[in-house]
Number of protein chains: 6
Amino acid sequence: MKYWELKRPDIEQMQKDEKVVVVPLGSIEQHGAHLPIMTDSLIGGEIGERIEAALPDTVLLLPMQWLGASHHHLQFPGAISVPSSVYIDMVYHLCDCLLTAGFRRIYLLLSHGGNDVPCREALNRLALDRRDRYDYWLASGGYWAVAEEALRRPEMETARLTHACEYETAMVQHLRPELVDMDQAQGHCLEVESRYFHPNGDGPNKVHVAIPFEHLTGVGALGRPELGTPEKGRILLQAVAEQMVDFVQDFSRWKRGGSPADFPFAPAPDSGGAR
Amino acid sequence: MKYWELKRPDIEQMQKDEKVVVVPLGSIEQHGAHLPIMTDSLIGGEIGERIEAALPDTVLLLPMQWLGASHHHLQFPGAISVPSSVYIDMVYHLCDCLLTAGFRRIYLLLSHGGNDVPCREALNRLALDRRDRYDYWLASGGYWAVAEEALRRPEMETARLTHACEYETAMVQHLRPELVDMDQAQGHCLEVESRYFHPNGDGPNKVHVAIPFEHLTGVGALGRPELGTPEKGRILLQAVAEQMVDFVQDFSRWKRGGSPADFPFAPAPDSGGAR
Amino acid sequence: MKYWELKRPDIEQMQKDEKVVVVPLGSIEQHGAHLPIMTDSLIGGEIGERIEAALPDTVLLLPMQWLGASHHHLQFPGAISVPSSVYIDMVYHLCDCLLTAGFRRIYLLLSHGGNDVPCREALNRLALDRRDRYDYWLASGGYWAVAEEALRRPEMETARLTHACEYETAMVQHLRPELVDMDQAQGHCLEVESRYFHPNGDGPNKVHVAIPFEHLTGVGALGRPELGTPEKGRILLQAVAEQMVDFVQDFSRWKRGGSPADFPFAPAPDSGGAR
Amino acid sequence: MKYWELKRPDIEQMQKDEKVVVVPLGSIEQHGAHLPIMTDSLIGGEIGERIEAALPDTVLLLPMQWLGASHHHLQFPGAISVPSSVYIDMVYHLCDCLLTAGFRRIYLLLSHGGNDVPCREALNRLALDRRDRYDYWLASGGYWAVAEEALRRPEMETARLTHACEYETAMVQHLRPELVDMDQAQGHCLEVESRYFHPNGDGPNKVHVAIPFEHLTGVGALGRPELGTPEKGRILLQAVAEQMVDFVQDFSRWKRGGSPADFPFAPAPDSGGAR
Amino acid sequence: MKYWELKRPDIEQMQKDEKVVVVPLGSIEQHGAHLPIMTDSLIGGEIGERIEAALPDTVLLLPMQWLGASHHHLQFPGAISVPSSVYIDMVYHLCDCLLTAGFRRIYLLLSHGGNDVPCREALNRLALDRRDRYDYWLASGGYWAVAEEALRRPEMETARLTHACEYETAMVQHLRPELVDMDQAQGHCLEVESRYFHPNGDGPNKVHVAIPFEHLTGVGALGRPELGTPEKGRILLQAVAEQMVDFVQDFSRWKRGGSPADFPFAPAPDSGGAR
Amino acid sequence: MKYWELKRPDIEQMQKDEKVVVVPLGSIEQHGAHLPIMTDSLIGGEIGERIEAALPDTVLLLPMQWLGASHHHLQFPGAISVPSSVYIDMVYHLCDCLLTAGFRRIYLLLSHGGNDVPCREALNRLALDRRDRYDYWLASGGYWAVAEEALRRPEMETARLTHACEYETAMVQHLRPELVDMDQAQGHCLEVESRYFHPNGDGPNKVHVAIPFEHLTGVGALGRPELGTPEKGRILLQAVAEQMVDFVQDFSRWKRGGSPADFPFAPAPDSGGAR
């Protein structure tokens with residue numbers, strides 16, 4: 001179901017326990033010289049629609065939220081963004097409204113890396129404020145993480161999805177070829193000699209490193225975007241969507257342990273309870 | 001132009017002085033039992049697209065921002081909203097990014113009444129924080145206000161556009177008839193005997209009255225939605241769009257008084273200047 | 001009654017249902033070279049006192065709150081102001097205390113335009129936080145809006161009240177002639193060619209435009225202050241006060257629709273209810 | 001000078017170096033059953049006016065700010081207050097505007113104990129934000145502290161000024177006898193056996209103890225208000241005012257150590273300097 | 001008891017009514033050229049441990065919190081600090097957790113002057129938020145205030161403890177002599193001719209004066225640190241610790257007046273109660 | 001070096017470019033019935049000290065910061081915590097002070113999982129606010145992530161380190177055996193049937209799931225704590241410390257790409273630059 005097309009009585013009368021609200025969270029910011037600024041919103045929106053199309057009874061799809069946390073790109077012109085502190089509040093209240101309406105399974109479908117930390121933080125805050133209930137599930141994750149296996153394909157020539165890279169380029173080439181300028185496709189990344197930090201995606205990151213995007217690259221794109229092709233994009237999207245559908249089905253069946261009475265811990269002595 | 005389809009170099013190279021960035025700001029919240037929850041976003045999105053279609057060289061259209069300030073509707077299920085304090089921050093930063101990118105004329109096209117006060121507040125704050133420049137114009141206004149004359153039509157049987165009323169119903173009937181359930185179309189409004197306050201739209205409001213929506217109506221719709229027809233909706237949308245285009249043209253030509261040097265006031269004695 | 005002269009038992013024992021608390025909200029900021037910085041507080045304070053004098057049993061008058069939201073004037077020296085974000089909090093808590101004390105009708109009597117948007121925002125927030133009660137009325141409005149008709153008088157040579165203009169000058173000339181320097185009375189306003197925006201008061205504003213005051217005028221006064229006379233001021237104040245009294249009587253009789261049980265909407269499914 | 005009566009050119013042309021801006025900060029909250037709720041604002045306002053009358057060339061007096069931090073009294077009806085967090089912001093910006101206008105000596109004249117801690121906090125924050133200048137003085141203090149010696153008089157039968165006590169009662173009896181109901185004058189205070197804490201004023205407090213007012217007293221007044229007389233009030237006010245004038249003269253002559261160049265400390269290595 | 005060594009069941013089963021939680025709050029910031037930056041944390045930590053050693057059954061000692069409010073020192077390198085606004089929140093929540101766990105007597109043992117105002121503010125806020133209970137005691141105070149008498153000793157050649165002075169120097173000489181460089185011991189303070197303000201400790205301060213530390217001194221130390229000796233430090237610490245133990249015993253026996261029912265004041269009319 | 005033992009001149013004169021400031025960030029919260037509440041601070045503190053001991057010239061060690069973000073544990077008594085919003089501010093300013101003092105490599109050594117998201121958020125914010133410099137490195141990571149390989153040892157019988165589990169129990173048994181009550185060692189975890197989420201550590205988590213700790217377990221411990229032995233703890237700590245030393249050496253040599261001039265991107269058109 002498309003959430004936005006519902007009327008109030010549709011929501012009032014819906015059986016909500018196993019429904020999954022899918023919230024596609026994208027962004028608008030520069031993606032090198034060759035990709036449109038809506039790249040992340042385009043890809044995430046497409047994945048969201050494919051999930052909803054595959055699971056129309058289970059899924060309530062929200063409209064793509066294109067305003068994300070991209071201030072690390074703001075030195076380049078084009079980004080429309082809120083600071084992460086504001087983004088945390090946006091996501092918190094968006095989800096809080098869904099819980100208030102009676103929904104109990106919310107999945108934040110991320111297609112922009114900068115939204116990841118603030119979304120975790122927002123859900124953490126919300127889970128605590130709603131800790132008096134035992135029947136909700138709040139999950140957040142980038143499609144690159146949930147569908148990590150799906151992205152590991154023999155067609156791909158670079159190891160990992162980063163920003164405006166082979167992967168993203170390919171998917172936009174497939175979806176909106178007229179908006180891609182492959183003549184301008186060029187990637188660059190600061191090289192750091194380390195066994196623990198690999199900003200260009202050629203190895204795992206054992207630590208979180210905070211760094212403005214213009215310090216990483218002067219061209220605004222990482223990886224090797226010139227390797228993108230529409231066919232790679234078609235294959236990637238199909239594989240990712242399939243795994244995302246699998247995840248949402250999995251998620252729709254998680255069970256919480258029951259009521260507070262099932263838990264033998266001593267209640268906090270203060271009548272005010274947990275804060 | 002559609003802002004989201006641009007690439008970074010498009011923005012870097014654009015001559016921005018007389019461009020108008022049109023920011024459609026809608027909402028998702030209950031609209032009685034007969035209209036879809038996306039009503040305000042649907043109408044505002046349509047108006048935005050018609051403006052852009054009429055003035056493709058002047059206008060940069062942003063995607064509809066459907067997350068609005070609808071907490072006054074939250075007692076009814078369905079609203080997805082942020083508190084007005086968060087909405088102020090969202091709008092502030094959205095516009096701040098546009099000024100940072102070099103745009104100088106921003107118009108917030110409102111199609112949800114609850115966004116009005118926070119948008120004014122957001123622009124007021126931004127104007128002060130950017131007061132060292134003399135070359136920007138920040139404007140905000142509901143289509144019902146900008147195109148007030150266009151809405152006064154002989155076809156309409158009620159006096160003013162309110163919420164889920166004859167006007168909104170008609171426009172959704174025209175745009176998405178399959179989403180309207182006219183059997184459920186019913187309006188109700190608290191009656192207040194006053195010469196200064198007319199919540200149901202049958203007279204002007206001389207004071208601002210703050211009131212949760214469920215205190216105004218138990219059915220979530222004001223006015224007389226049952227009077228809506230697709231034809232009224234078609235006529236309204238055309239008339240509104242025409243006047244909105246007229247406004248945007250007007251707006252694109254406003255001139256500021258020049259540089260600070262043209263102003264003979266005494267500088268503040270403190271070297272820090274205004275705060 | 002003057003609120004500040006009461007003792008605690010007076011408030012405890014008072015029958016509060018139809019009392020109207022009148023909260024005069026002014027400011028201190030430059031008013032051109034010819035008027036004192038307290039102009040708005042002086043005029044609003046006078047109007048408040050006349051209302052209380054006319055309706056001593058109905059009205060509880062608060063002392064003039066002279067600290068307002070005038071940061072748009074701060075480039076000129078003299079303003080004592082808080083940012084609008086702080087002003088919202090001030091007004092919110094001021095009114096919240098009145099509701100806590102048991103008062104149920106609050107009218108914010110504005111005499112400074114810059115307080116308008118933050119007062120609306122403050123009341124909107126408060127109404128939602130108190131939505132569990134159905135027996136309060138929160139209203140806000142400038143005397144120029146409530147008594148708009150009273151201000152349209154044949155004696156006046158300019159169309160609308162703005163800042164440090166013919167109207168304000170006249171009223172201060174009547175009230176405190178020794179504080180006015182008519183030799184310095186001079187107005188100026190940026191001229192904008194528009195059918196939708198008239199900063200100098202010679203037409204309606206269809207959009208809200210955010211602009212620091214020094215961008216509008218180098219002399220800090222709009223309109224034609226040199227046209228002010230004490231006699232015009234005397235006439236204006238009398239007419240305005242009469243209409244304000246009429247409004248307060250009207251306001252004291254508004255009725256809310258009863259208890260929540262009168263409203264047939266479905267309760268939100270979440271036990272936490274609306275947020 | 002009365003600040004509010006000035007015009008903008010008066011402020012622009014004033015020699016500001018040794019002027020002292022006196023900011024009377026009071027409150028509105030219950031003062032037992034016998035005193036008016038404006039007691040603190042009344043007393044502080046009177047002291048402020050006497051200071052200004054004695055030193056008209058040195059002093060710029062602001063209007064009494066009656067909205068204070070009295071939430072600890074809010075359990076009793078009548079208080080109009082902002083939380084201390086908001087009060088800190090109010091005072092911060094009020095003083096910041098004065099520095100922006102070019103004033104360099106600000107004294108916060110407190111007549112309500114609850115304003116003491118937030119005023120210290122506000123000035124501490126402002127001093128750091130303005131640390132690039134070496135020419136301002138920011139001071140805050142209750143009249144009971146500055147004029148501590150003046151309050152120690154043989155006529156007084158209790159040891160210290162507290163709340164709605166012998167001292168405050170006497171001063172209001174002198175200033176506005178018609179607002180005092182001595183039949184209701186009654187004080188009470190929780191008795192704590194301690195060598196370090198004396199809430200009723202019969203000994204010094206070696207620690208700060210945070211406690212809502214209703215936990216201290218069920219009658220809302222401390223000390224022995226029944227001992228107040230108008231004559232005591234007359235004597236107290238005269239003595240206090242004299243010492244306050246002495247303080248303001250003293251304050252007007254304090255000198256800062258000069259420019260940063262006079263200080264031999266090493267600059268912080270970071271080009272951003274102190275934060 | 002050392003709080004940090006406890007297990008959850010220890011806390012669950014403890015009889016908490018008369019326990020005193022001692023919270024040592026220090027700082028890290030420059031202390032002239034001769035003392036280590038941890039001076040305040042070192043001294044406060046030592047005092048805390050001595051209190052716990054003397055009263056192991058009554059006291060629950062928390063670990064020294066070394067992150068304090070030292071932004072007024074930040075112009076000198078070395079301080080690790082949070083702004084006072086953040087410090088208020090830290091202390092508020094630290095204490096709130098203790099109340100939630102069931103503890104009812106909390107004493108903030110301050111060894112850094114900059115923590116004093118924010119700690120008062122934090123406890124004031126907490127006391128109001130917890131005003132529905134009548135069984136807690138929240139106290140805050142520097143050891144220099146609680147043990148004021150103990151510090152007045154014939155051995156000391158200067159009048160009062162300030163910053164990096166004779167007193168602090170002596171105590172660090174006793175505790176960690178290898179970290180003191182007496183060759184660099186040098187104090188300096190701006191001289192202000194005043195009867196009301198004595199920044200160098202040679203008289204009482206009748207007003208609070210807000211001033212960045214580098215405006216007071218170019219060497220980062222006040223008073224006469226060169227007079228410090230290890231023996232003075234040994235004597236001071238012993239005397240201070242003894243008086244602190246006396247205070248904590250006193251504090252452990254304070255009694256609140258009972259339940260709300262003992263208080264005859266009228267409940268606030270609003271069902272929401274105090275805010 | 002131990003940061004807290006330094007004097008101001010030590011910091012002023014230090015060559016800071018390749019120094020690594022190690023900031024151990026722990027917590028105090030329940031760790032089941034068998035481990036002390038300081039478990040995370042104990043383990044992280046130990047690791048920090050071993051790093052400093054191995055690299056005394058490179059490392060500046062800060063004192064363990066024991067106040068962490070543990071509100072998800074607060075339903076169990078004992079936690080002393082700040083909400084994550086406050087923790088973000090604490091960490092932000094702590095690191096900001098270090099940058100102000102001239103340090104350029106900061107590593108947040110986490111030993112409590114709840115600190116992970118807020119530390120990422122804090123560093124992200126700081127990196128943007130300091131984006132005008134190109135010479136700093138900000139990194140954050142739990143020892144379980146940095147030393148992931150070191151933790152995979154044949155001695156361990158469970159797959160991953162979680163909370164109060166075999167791993168943590170073993171390390172505390174080694175460090176402070178007298179504080180461990182193995183009779184109470186018991187773990188429990190909500191079982192969720194999923195291929196994407198494994199709260200008990202028996203598989204990877206592909207999504208972030210927000211959940212209060214008492215919803216996961218009624219005993220406050222995960223995994224199999226009863227399998228801990230002091231010998232396992234000794235081995236783990238040695239292996240972890242060795243890998244952490246390796247990371248810090250690696251980190252001390254990372255190079256940034258040079259000055260802004262090396263980057264060919266177009267500057268943002270707005271003179272204000274990035275926000």
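Per chain, numbering begins at 1; letters A, B, ... match sequence-line order. A quick note: this is a predicted structure, and the numbers were derived from the prediction, not measured.
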Enquirer: Among C:Ala139, C:Ser140, C:Ala127, single out the residue with the greatest number of heavy-atom pairs under 4.5 Å to chain B.
Expert: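 Among the listed options, the one with the most contacts to chain B is C:Ser140.
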Enquirer: For B:Glu121, which atoms come within 4.5 Å of any heavy atom of chain C: side chain, backbone, both, or neither?
Expert: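 Interface part for B:Glu121: both.
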Enquirer: Is it the case that the side chains of C:Tyr87 and C:Asn115 hold a donor-acceptor pair, with the cut-off being a distance below 3.5 Å and no angle test?
Expert: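 C:Tyr87 and C:Asn115 do have a side-chain donor-acceptor pair below 3.5 Å.
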Enquirer: Answer yes or no: is there an ion pair linking C:Glu148 with B:Lys206, defined by an N-O contact shorter than 4.0 Å?
Expert: yes
Enquirer: Going by atom types only, do B:Arg130 and B:Thr100 share a side-chain donor-acceptor pair under 3.5 Å?
Expert: yes
Enquirer: Indicate whether the side chain of B:Asp40 and that of B:Ser111 have a donor and an acceptor atom separated by less than 3.5 Å.
Expert: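 Not at all, the side chains of B:Asp40 and B:Ser111 share no donor-acceptor pair under 3.5 Å.
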Enquirer: As an exercise: rank C:Trp254, C:Phe197, C:Phe251 by heavy-atom pairs under 4.5 Å with chain B and give me the winner.
Expert: C:Trp254
Enquirer: Between C:Ala79, C:Ala33, C:Pro83, C:Ser85, who has the most heavy-atom pairs with chain B when the cutoff is under 4.5 Å?
Expert: C:Ser85
Enquirer: Among C:Cys119, C:Ser194, C:Gly141, which residue has the highest count of heavy-atom pairs closer than 4.5 Å to chain B?
Expert: C:Ser194
Enquirer: If you count heavy-atom pairs under 4.5 Å between each of B:Val192, B:Leu123, B:Asp116, B:Leu108 and chain C, which one has the most?
Expert: B:Val192
Enquirer: Would you please say whether a donor-acceptor pair under 3.5 Å links the side chains of B:His208 and C:Asn124?
Expert: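 Yes, C:Asn124 and B:His208 have a side-chain donor paired with an acceptor closer than 3.5 Å.
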Enquirer: With a 4.5 angstrom heavy-atom cut-off, could you sort out which part of C:Gln243 is near chain B: side chain, backbone, both or neither?
Expert: both
Enquirer: Quick one: what part of C:Ser81 sits under 4.5 Å from any heavy atom of chain B, side chain, backbone, both or neither?
Expert: neither
Enquirer: Are B:Glu214 and C:Arg131 ion-paired here, with the side-chain N under 4.0 Å from a carboxylate O?
Expert: yes
Enquirer: Assess the side chains of B:Ser84 and C:Arg120: does a donor N or O sit below 3.5 Å from an acceptor N or O?
Expert: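 On atom types as modelled, these side chains do not qualify, holding no pair under 3.5 Å.
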Enquirer: Using a 4.5 angstrom heavy-atom cutoff, name the option from C:Leu126, C:Asp246, C:Val146, C:Ile88 with the most pairs to chain B.
Expert: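 Of C:Leu126, C:Asp246, C:Val146, C:Ile88, C:Asp246 has the most heavy-atom pairs under 4.5 Å with chain B.
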